[in-house]
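What follows is a short report on a single structure.
Order of the sequence lines fixes the chain letters, A, B, ..., with proteins taken first and strands second; residue numbering starts at 1 for each chain.
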Number of protein chains: 2
Amino acid sequence: MAMMAAKRCESGVCGHCVQPCVLGTLSSGLRLDLRDFPELKERHLARGDYLFHTSGSFESLYAVRSGMLKVTVLTEDGREQITGFFLPGDLVGLDSVGLRHHASSAAALDDTVVCELPFSVLERHGQSVPRIQAALFRMLSGQIRREQSTLLLLGSLRAEERLAQFLIDMSERAHTDADCGTAIGMPMTREEIGSYLGLKLETVSRTLSKLHREGVIEVIKRGVRIRELNKLRLLAGLSVRKPAPSALRRLGH
Amino acid sequence: MAMMAAKRCESGVCGHCVQPCVLGTLSSGLRLDLRDFPELKERHLARGDYLFHTSGSFESLYAVRSGMLKVTVLTEDGREQITGFFLPGDLVGLDSVGLRHHASSAAALDDTVVCELPFSVLERHGQSVPRIQAALFRMLSGQIRREQSTLLLLGSLRAEERLAQFLIDMSERAHTDADCGTAIGMPMTREEIGSYLGLKLETVSRTLSKLHREGVIEVIKRGVRIRELNKLRLLAGLSVRKPAPSALRRLGH
DNA sequence: CGTACAATTGAAACCAGTCAACCATTGTGG
DNA sequence: CCACAATGGTTGACTGGTTTCAATTGTACG
């Protein structure tokens with residue numbers, strides 16, 4: 001029933017992204033399978049396009065299929081801060097559930113494809129299918145936990161530690177064939193990284209330069225390659241486990 | 001069927017907390033009414049008692065009825081940070097939904113009473129009652145939004161602005177008969193405030209002293225009274241709406 | 001009453017922010 | 001095709017807010 005979808009989201013393995021195209025990479029266990037939603041629409045965004053704006057009416061969640069999104073919130077005095085970067089497999093819009101209008105904005109940092117999931121449909125399916133209700137609960141709480149980690153980062157880490165953790169987090173989430181040398185695509189600007197990490201763009205630039213100078217990473221214009229993961233983990237204040245059980249969960253099923 | 005509950009949570013208005021004893025003060029609209037759950041147990045905590053520990057098995061959410069809780073998460077290297085303070089009307093434990101073990105710890109900052117809401121029961125009711133499923137969704141996303149606000153605070157505000165916003169937030173959430181002069185009970189230590197705000201305890205102390213010196217607030221051992229809400233809002237970088245609905249006439253300005 | 005804990009305050013060190021100059025890349029229009 | 005502007009990135013010098021270290025006072029509880 002999924003393969004009949006023509007210009008629609010296919011289930012199973014995506015064409016251009018390696019990981020299986022399901023929702024919720026947030027927690028282990030059951031995931032929400034797109035096969036449960038035959039009437040899904042895709043949306044294609046060019047770099048800079050907005051997926052939704054703050055105060056726009058909330059209708060849907062969006063599953064990122066390729067590319068990258070930034071989600072921003074506004075302060076009362078007009079400044080904006082990035083609260084998260086969303087990669088393929090992530091679900092965007094969870095912070096607006098239960099509201100009539102979006103609590104945040106989402107913009108593409110790169111050419112990006114998303115699947116639109118009308119929330120009313122999710123709600124309806126959740127009502128009749130316990131597995132779906134549970135999956136939605138899990139994704140919502142997973143988002144809470146991810147933000148808690150960011151709270152920890154912003155609350156107690158220094159610039160270098162923040163950057164190191166950020167790079168590790170991005171590299172773990174970018175399931176882009178992690179074997180090929182742990183290179184991460186980073187389409188966002190220094191200022192956007194800084195906005196997310198609570199740092200100024202100069203500090204981000206300086207710190208990346210320092211990590212580069214020390215041979216821990218390699219900075220290639222809009223990308224980063226991790227050369228010494230263990231050193232990076234050390235700088236991030238993380239334990240230096242796993243000598244090399246490489247990404248073996250690739251095609252898990 | 002609610003009034004038959006003896007040592008159980010009553011519905012309607014609480015004895016010692018003023019606000020109606022419903023779950024979810026997070027967003028407007030429908031709320032989750034305790035009358036829907038006849039089999040609820042109360043738990044009484046003394047100052048310092050833990051409601052649950054990180055890695056303890058997750059079974060229930062808890063609705064705070066009186067007192068105050070702090071929720072903490074652990075870094076990999078053992079330090080702990082407070083991710084939130086929970087007041088009467090708040091729901092604790094949402095960050096662990098979908099997990100077998102708690103993602104955080106919760107401890108009482110004061111003598112505290114909570115209602116235990118077994119999550120399996122909530123899930124079951126959510127399955128059959130759309131209103132309850134929606135209420136759970138709303139509470140989960142509300143928690144996301146609250147943490148987003150904290151991200152904003154940690155990411156871009158200076159110490160004085162953080163404290164000012166914190167005091168305003170606490171005073172708005174402490175629905176303790178807000179008329180009686182806007183005095184807030186603050187059972188937590190300076191260090192705990194600092195942990196939440198990403199500041200050291202000395203900075204918290206210094207900043208509170210400064211606000212006191214300037215006549216904006218009054219610091220009474222473990223409590224704070226806001227004397228000049230508008231000045232405080234100014235320092236917090238918030239708009240200075242509502243010139244003087246009620247507070248001013250009482251203070252005889 | 002004394003111990004332990006919390007809070008306050010001061011002085012010095014330090015990390016990140018600010019201001020500013022310069023370089024690299026990209027895209028635009030003459 | 002080149003000149004040019006615009007944007008993003010890098011780096012340096014300086015400033016300043018927070019942290020750190022330390023000493024003192026205040027408060028709660030046995």
Side-chain angles (χ1 to χ4, degrees), chain A residues 46-48 68 70 79 81-82 107-111 153-167 185-214 217-224 235-237, chain B residues 46-49 68 70 79 81-82 107-111 153-167 184-214 217-224 235-237:
Chain A
R47 187 162 191 282
M68 196 182 299
K70 66 171 176 180
R79 290 169 302 113
Q81 182 170 324
I82 293 175
L109 293 167
D110 211 347
D111 291 344
L153 182 146
L154 291 176
S156 61
L157 300 189
R158 298 204 315 309
E160 192 177 66
E161 297 171 313
R162 293 187 198 186
L163 237 332
Q165 277 205 206
F166 174 68
L167 293 174
M186 305 250 294
M188 70 291 273
T189 68
R190 302 291 187 259
E191 184 171 20
E192 286 165 333
I193 297 173
S195 171
Y196 177 62
L197 296 177
L199 301 170
K200 293 294 157 185
L201 67 100
E202 294 96 328
T203 305
V204 174
S205 176
R206 259 185 264 270
T207 309
L208 285 176
S209 297
K210 180 157 176 273
L211 293 176
H212 188 181
R213 211 178 311 130
E214 292 167 348
I217 63 173
E218 197 171 338
V219 182
I220 329 109
K221 37 187 175 188
R222 285 289 172 90
V224 170
L235 292 174
Chain B
R47 187 162 192 282
D49 287 353
M68 195 182 300
K70 66 170 176 181
R79 290 170 301 113
Q81 182 171 324
I82 293 175
L109 294 167
D110 211 348
D111 291 346
L153 182 147
L154 291 176
S156 60
L157 299 189
R158 298 203 316 308
E160 192 178 66
E161 297 171 313
R162 293 187 198 185
L163 238 329
Q165 277 203 204
F166 174 69
L167 293 174
I184 328 164
M186 306 250 292
M188 70 291 272
T189 68
R190 302 291 187 257
E191 183 170 20
E192 286 165 333
I193 296 174
S195 172
Y196 177 63
L197 296 178
L199 301 170
K200 292 295 157 186
L201 67 100
E202 295 95 329
T203 306
V204 173
S205 177
R206 261 186 261 270
T207 309
L208 284 176
S209 297
K210 181 156 175 273
L211 292 176
H212 189 180
R213 210 178 311 129
E214 292 167 347
I217 62 174
E218 198 170 339
V219 182
I220 329 108
K221 38 188 174 185
R222 285 289 173 89
V224 169
L235 293 174

Can you tell me how far [atom2] of [N] sits from [atom1] of [X], to the nearest Å?
X: B:Arg213; N: C:dT8; atom1: CZ; atom2: P; value: 11 Å
X: B:Leu157; N: D:dT18; atom1: CG; atom2: P; value: 11 Å
X: B:Lys200; N: C:dC14; atom1: NZ; atom2: C1'; value: 14 Å
X: B:Arg158; N: D:dT18; atom1: CZ; atom2: P; value: 6 Å
X: A:Glu202; N: C:dC22; atom1: CD; atom2: C1'; value: 14 Å
X: A:Glu192; N: D:dG9; atom1: CD; atom2: C1'; value: 13 Å
X: A:Met186; N: D:dG9; atom1: CE; atom2: P; value: 10 Å
X: A:Met188; N: D:dG9; atom1: CE; atom2: P; value: 11 Å

Within the 4.0 Å heavy-atom criterion, would you say A:Gly198 contacts the bases, only the backbone, or no part of the nucleic acid?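 Sugar-phosphate, no base atom in range.
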Please work out if B:Leu201 contacts a base, only the sugar-phosphate, or nothing of the nucleic acid, heavy-atom cut-off 4.0 Å.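 Base, at least one base atom sits under 4.0 Å.
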Cationic N near anionic O, under 4.0 Å, B:Glu202 to B:Arg206: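 Salt bridge between B:Glu202 and B:Arg206, a charged N being under 4.0 Å from a carboxylate O: no.
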Among C:dG17, C:dC19, C:dA7, the nucleotide that comes nearest once only the side chain of A:Leu199 is considered: C:dG17
Measure from the side chain of B:Arg190, starting at C-beta and using heavy atoms only, and say which of C:dT18, D:dA22, C:dA7 lies closest.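 Among the listed nucleotides, the one closest to the side chain of B:Arg190 is C:dA7.
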So which one's nearest nucleotide on DNA chain D is more toward 5', B:Ala159 or A:Glu191? A:Glu191
Between A:Arg222 (side chain) and A:Met186 (backbone), is there a donor-acceptor pair under 3.5 Å?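 Not confirmed, A:Arg222 side chain does not pair with A:Met186 backbone.
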Donor-acceptor pair, side chain of B:Ser205 and main chain of B:Leu201, under 3.5 angstrom: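 Side chain of B:Ser205 to backbone of B:Leu201, a donor-acceptor pair under 3.5 Å: no, none is there.
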Could you state the interatomic distance from CG (B:Leu199) to OG1 (B:Thr207), rounded to the nearest 0.5 Å?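 Going from CG on B:Leu199 over to OG1 on B:Thr207, the span is 7.0 Å.
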Can you tell me how far apart CG (B:Leu163) and CG (B:Leu208) are? Round to the nearest 0.5 Å.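 The distance works out to 4.5 Å.
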Looking at [N], I'd like to know if its phosphate oxygens (OP1 or OP2) sit under 4.0 Å from a side-chain N or O belonging to [X].
X: A:Thr203; N: C:dG17; answer: yes
X: A:Arg222; N: C:dT25; answer: no
X: B:Ser209; N: C:dT9; answer: yes

Under a 4.0 Å heavy-atom criterion, the protein footprint on nucleotides 24-30 of chain D, written with B, S and -, is ----S--
Is it true that atom CD of B:Glu160 has more than 12 heavy atoms of other residues, nucleotides or ligands lying nearer than 6.0 Å?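 Yes.
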Atom CD of B:Glu161: over 12 foreign heavy atoms under 6.0 Å: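 Counting neighbours around CD of B:Glu161, more than 12 heavy atoms of other residues, nucleotides or ligands fall under 6.0 Å, so yes.
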Base C:dT18 paired with A:Arg206 side chain (donor-acceptor, <3.5 Å): yes
